[in-house]
Amino acid sequence: MTTEFDLSRFDQLSGAYDASLVEDPIYAFWEDNGWFRPTEGADSDAEPFTVIMPPPNVTGVLHLGHAVTLTIEDALIRWHRMLGEPTLWLPGLDHAGIATQSVVEQQLAREGLTRHDLGRESFEERVWDWVGLTRPRITAQARRMGASCDWERTAFTLDPTPRAAVRRTFVDLFTDGKIYRGARIINWDPQMLTALSDVEVEYQEEEGKLWHVRYPFVDERGRELDDGVVIATTRPETIPADVAIAVHPDDQRWQPHLGRRVRLPLRGFERLIPLIADSGVDPKFGTGALKITPGHDQLDFEIGERHGLEPIRVVDWDGSLTVEAGLYAGMDRDEARVLVAQHLDEDGYLVQTETHLHNVGHSQRSGVVVEPLVSNQWFVDTDDLAAEAVRVVREGEVRIVPERSTSVYLQWMDNIRPWCISRQLWWGHRIPAWYCRVCDADAIISGEEGQITIDEGAHPIVELEDPTICPTCGGADLVQDPDVLDTWFSSGLWTHSTLGWPNAAGEPANDLARFYPSSVMETGYDILFFWVARMIMLGCYNMGAAPFRTVYLHGLVRDAQGRKMSKSLDNVIDPLEKADQYGMDALRFTLATGSTPGNDMRLTDERLEGSRNFANKLWNGARFVLGELAQSTETQSTGVMGELADASALEDRWILSRTQAVTETVDELWRGFQLGEAGRQIQDFIWGEFFDWYVEASKVRLRSGDGSPLPVLTHVLDCSLRLLHPWMPFVTEAIWQQLRPHLGQAADADALIGARYPQPGDRERDLAAEGAFAAVQEIVTAVRQVRADYRVQAGQWVETYVVPQTSMISDVEASSAIIEVLARARPLKIVAERSQAPHDQIASAVLPLAEIVLPLGGLVDLAQERTRLGKDLDNVLKRLRGAEAKLANAGFRAKAPANVVQQAEALAEELQRQRDDLASRLASLD
RNA sequence: GGGCGGUUAGCUCAGUUGGCUAGAGCGCUGCGUUGACAUCGCAGAGGUCACUGGUUCAAGUCCAGUAUCGCCCACCA
């Protein structure tokens with residue numbers, strides 16, 4: 001620790017907290033002093049707390065989702081760091097294959113270019129240039145968020161080690177037979193011109209048309225008959241690719257006709273197709289008959305496979321129709337749909353048209369309607385991987401927060417299908433497969449501009465090192481597979497590729513051994529399938545152990561109207577802009593306390609304002625304490641904290657016990673991952689108890705000089721800053737740097753970021769003090785209330801009598817100075833008997849532990865007094881009835897725990913006394 | 001078609017082993033420029049905890065069902 005924090009910078013600060021003057025210097029101070037490194041200030045024997053950061057896409061800028069992630073992870077890391085555990089928060093970035101390529105292609109389009117104009121190599125260079133711009137911007141933004149991650153370990157999915165991890169995993173899975181290549185029906189994005197995986201397709205309900213089309217039977221000589229089979233379809237343009245009509249085998253309507261042939265009812269087509277039976281057909285939908293188009297429908301493809309029917313491709317890669325479409329060839333699929341329907345109608349084959357609500361798949365990235373089509377792609381057979389990924393969750397090796405997400409995860413895993421991992425893109429990890437131009441000459445098709453496609457039946461050579469000769473023929477004319485991998489393939493390895501896996505022979509695997517598996521994986525629930533599921537599958541496969549112990553899923557941040565943020569709605573909130581406006585701590589606190597795990601939250605300016613106000617309140621409360629410390633003559637060599645043990649005033653004992661109480665609560669909430677509730681509890685404590693009560697009470701002794709509250713003020717401020725630091729790191733550190741010189745031995749670090757977090761065992765609770773001070777609070781509040789009711793001038797001192805219950809007398813007397821000041825009650829007379837207080841021209845209130853009397857003279861209005869007391873009495877009576885009914889219940893006495901019964905009895909007794917006092921008070925008014 | 005979540009004050013939301021009078025912020029009403037803070041203080045109004053039934057001594061909390069809004073998954077063309 002070398003860099004001292006320059007306190008002089010705070011000289012200019014006063015009044016309102018100005019985050020913009022504080023945040024950057026504080027961050028630099030932490031980073032320069034090495035606080036983000038994992039071993040600093042930590043006990044090396046302890047188990048490390050590790051978080052691998054979800055890598056933001058190198059595309060674009062940080063959005064609110066990142067802000068939530070960084071806030072929560074930073075809070076967790078800071079908490080564990082303050083617990084003295086070795087902590088590692090490993091940051092990184094994702095090359096984000098399709099997303100980044102899409103952005104760069106859009107840039108090119110604005111220049112009137114396509115990636116083909118540049119060629120593969122130049123295009124990749126162009127993307128690297130772009131990444132060179134966005135990378136530093138993104139990390140700078142994360143720094144602004146206050147992320148205390150270990151920047152020295154920043155990883156990128158295209159770095160050498162992650163590349164090696166991809167290679168190794170691909171080779172292992174291929175060798176295991178879990179990766180294979182083949183012609184299957186996949187989801188095709190006709191704009192990006194690439195295959196997609198199932199999860200990259202988003203279904204939207206849309207109103208379409210359901211056309212009922214008659215396929216006529218033909219006689220033996222092929223002549224068309226009047227009857228036929230009516231099917232219902234949403235895609236008449238795919239009729240040229242029909243290979244059969246299928247019905248359910250048990251469907252009685254069609255039994256006699258099975259095996260007969262029908263003719264394609266489309267102009268220019270004479271093709272006959274069979275009527276077949278398959279149990280995949282739902283006899284209740286539409287007409288109960290289904291046209292089978294294996295080339296463009298998942299279900300049809302499967303039915304086709306079962307019946308040995310070859311798919312026909314009628315929709316081309318770009319969404320236009322192929323030559324197979326006859327006179328419709330070259331038309332766009334939507335255009336053709338309309339025309340085909342029109343022709344069917346004109347030719348008398350269109351039986352009926354109805355509107356139809358159905359789900360249409362769109363590409364997650366480009367938004368265009370996905371075309372299912374048959375294509376040669378690489379797949380991961382996920383069955384075994386999923387089985388293990390299910391096991392580790394079922395058996396609790398991985399815990400998902402919130403727990404309910406576990407069933408979502410398991411359900412998805414149970415229904416998992418082969419994962420299409422090849423993409424016809426240029427940006428990403430090139431598939432490490434080669435083909436021999438000689439042996440696979442028939443399968444290698446060279447297209448324009450040196451592009452090639454690899455047909456089915458080619459023999460890929462997949463090895464750890466780039467192959468140079470064909471193992472079959474010994475030739476050296478090899479060509480690499482042109483495709484790249486799904487970006488989530490490399491993301492799925494993130495948990496260990498960032499820690500040095502696969503470590504080369506002889507290379508130490510320290511990081512892996514020490515930090516794998518990580519402690520918490522924190523991310524949005526929207527990428528549970530994309531990412532979390534894949535990380536668990538691949539982590540288990542490569543490492544033989546699940547990649548993390550806990551998955552913490554946060555919800556989506558929505559706008560003030562509860563809408564999802566989107567560019568098209570133009571309602572995207574920029575986190576940095578909000579931070580400029582309200583301060584980063586305010587943004588963080590709002591995001592962290594705004595929701596519970598897995599639930600969405602709305603971000604509004606009102607909430608941000610509230611958090612900003614809290615930061616400001618803390619700043620000013622601290623300013624008060626610091627100001628008093630500066631004026632105090634007390635020694636600073638040992639710090640004022642040395643005298644903490646002398647704190648014997650009731651309010652001291654009370655706030656120390658309350659500090660301990662909130663410490664215990666917060667500790668428990670932390671352990672249950674209830675960060676939001678913990679933050680709220682701390683805010684309530686600091687504002688509602690420490691500042692509103694203790695600081696106000698402390699002023700009495702500061703002025704009288706009758707024993708100093710400074711040790712307690714200092715200690716509780718110190719604890720408050722420590723407790724709050726994970727949520728609001730900047731303002732707490734800024735204050736703590738000013739407080740530290742006053743802490744003496746209690747200053748256990750040079751920076752709050754490395755100070756010790758308050759612990760449940762730090763101090764005994766003092767329940768007697770808590771109870772007694774609660775009575776003082778009640779008395780003060782009641783006096784204020786009476787004064788407000790009678791519109792007594794706020795600044796005016798009023799003679800006030802307090803008649804405490806006998807048991808309370810000494811505590812109330814001890815706190816008389818506080819009551820006097822906080823309630824503006826002077827002279828304050830504490831008397832043992834009600835009879836010692838005046839009875840005429842008074843306003844009064846009856847509390848559980850005391851009665852108060854204010855002789856307000858002419859201000860007192862008997863009618864108003866009757867109303868006030870009557871209302872109180874009604875309330876007491878109502879509660880008393882409830883309490884007595886409960887006690888009269890034999891079951892309650894018999895079955896409720898003893899302490900609950902006891903409490904109920906005490907309450908009833910207290911209420912009876914209040915009732916009697918109120919009644920006699922009322923009687924005396926007459 | 002399955003699965004999940006929400007429904008608590010005018011608004012936005014807390015309330016996790018069932019147990020004192022259900023809380024907060026914002027908004028609203030009244031008072032207030034007391035030397036930390038008007039980004040503030042004090043006091044107040046405001047809720048049959050969506051509905052129905054059940055379990056229990058006791059239900060906002062557990063169970064069943066209903067309504068309604070939302071999300072996810074799914075090969076009904």
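So that the names make sense, note that chain A is the first sequence line, chain B the second, and so on, each numbered from 1. The figures here come from the full heavy-atom set of this structure, side chains too, leaving out hydrogens, waters and symmetry mates.
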Check for me whether A:Lys699 meets the cation-pi criterion with A:Phe624, that is, NZ or CZ under 6.0 Å from the six-membered ring centre and within 45 degrees of the ring axis.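 The answer is yes, since A:Lys699 meets both limits relative to A:Phe624.
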
Once side chain to side chain donor-acceptor pair (under 3.5 Å) is applied, do any residues pair with A:Asn187, and if so which ones, sequence neighbours excluded?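 Scan of A:Asn187 (side chain to side chain donor-acceptor pair (under 3.5 Å), adjacent residues dropped) gives A:Asp198.
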
Report the residues that fulfil side chain to side chain donor-acceptor pair (under 3.5 Å) with A:Glu206, sequence neighbours left out, ordered by chain and then residue number.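 Per chain and number, A:Glu206 pairs via side chain to side chain donor-acceptor pair (under 3.5 Å) with A:His362.
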
Filtered N/O pairs between nucleotides 20-31 of chain B and protein, under 3.5 Å:
{"unit_1": "B:rU21", "atom_1": "N3", "unit_2": "A:Arg879", "atom_2": "NH1", "d": "3.0"}
{"unit_1": "B:rU21", "atom_1": "O4", "unit_2": "A:Arg879", "atom_2": "NH1", "d": "3.0"}
{"unit_1": "B:rU21", "atom_1": "O4", "unit_2": "A:Arg879", "atom_2": "NH2", "d": "3.4"}

Go through the structure and list residues passing side-chain contact (heavy atoms from CB on, under 4.5 Å) with A:Glu606, not counting sequence neighbours.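 side-chain contact (heavy atoms from CB on, under 4.5 Å) list for A:Glu606, sorted by chain: A:Thr604.
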
Partners meeting side-chain contact (heavy atoms from CB on, under 4.5 Å) with A:Glu305 (sequence neighbours left out):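 side-chain contact (heavy atoms from CB on, under 4.5 Å) list for A:Glu305, sorted by chain: A:Phe301.
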
Separation of the [atom1] atoms in [N] and [M], to the nearest angstrom:
N: B:rG54; M: B:rG70; atom1: P; value: 32 Å
N: B:rC31; M: B:rU8; atom1: P; value: 33 Å
N: B:rG2; M: B:rC75; atom1: C1'; value: 14 Å

Considering every strand and a 4.0 Å limit on heavy-atom distances, what is the contact class for A:Thr596: base, sugar-phosphate, or nothing?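 Sugar-phosphate only.
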
Across the strands shown, which category fits A:Ala894 at heavy-atom distances under 4.0 angstrom: base, sugar-phosphate, nothing?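 It contacts nothing in the nucleic acid.
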
Enumerate the side chain to side chain donor-acceptor pair (under 3.5 Å) contacts for residues 785-794 of chain A, please, sequence neighbours excluded, ordered by first and then second residue.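 For residues 785-794 of chain A, and leaving out neighbouring residues, the side chain to side chain donor-acceptor pair (under 3.5 Å) pairs sorted by first residue read A:Asp789-A:Arg868, A:Tyr790-A:Glu865.
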
Quickly, which of A:Tyr582, A:Phe614, A:Phe730, A:Trp619 forms a ring-ring contact (aromatic ring centres under 6.0 Å, His included) with A:Tyr17? Name it, please.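 Checked A:Tyr582, A:Phe614, A:Phe730, A:Trp619 against A:Tyr17; only one passes ring-ring contact (aromatic ring centres under 6.0 Å, His included): A:Trp619.
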
Quick one: what's the B/S/- string for nucleotides 72-77 of chain B, heavy-atom cutoff under 4.0 Å, read 5' to 3'? SSBBBB

Using a 3.5 Å limit on both distances, find every run of at least three consecutive Watson-Crick or G-U pairs that involves RNA chain B.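 Stems (3+ consecutive pairs) listed as B:1-7 with B:67-73, B:10-13 with B:23-26, B:28-32 with B:40-44, B:50-54 with B:62-66.
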
Please table the atom pairs, donor to acceptor, closer than 3.5 Å between any side-chain atom in residues 877-884 of chain A and protein atoms at least two apart or in another chain.
{"unit_1": "A:Glu884", "atom_1": "OE2", "unit_2": "A:Gln912", "atom_2": "NE2", "d": "3.3"}

Could I get the full list of ring pair (Phe, Tyr, Trp, His ring centres under 6.0 Å) partners for A:Trp188, not counting sequence neighbours?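 Residues passing ring pair (Phe, Tyr, Trp, His ring centres under 6.0 Å) with A:Trp188: A:Trp317.
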
What side-chain donor-acceptor pairs closer than 3.5 Å can you find for residues 897-911 of chain A, not counting sequence neighbours?
{"unit_1": "A:Glu905", "atom_1": "OE2", "unit_2": "A:Arg893", "atom_2": "NH1", "d": "2.7"}

Please write out the pairs of protein N or O atoms and N or O atoms of nucleotides 44-47 of chain B separated by less than 3.5 Å, giving the distance to one decimal.
{"unit_1": "B:rG44", "atom_1": "OP1", "unit_2": "A:Gln785", "atom_2": "OE1", "d": "3.2"}

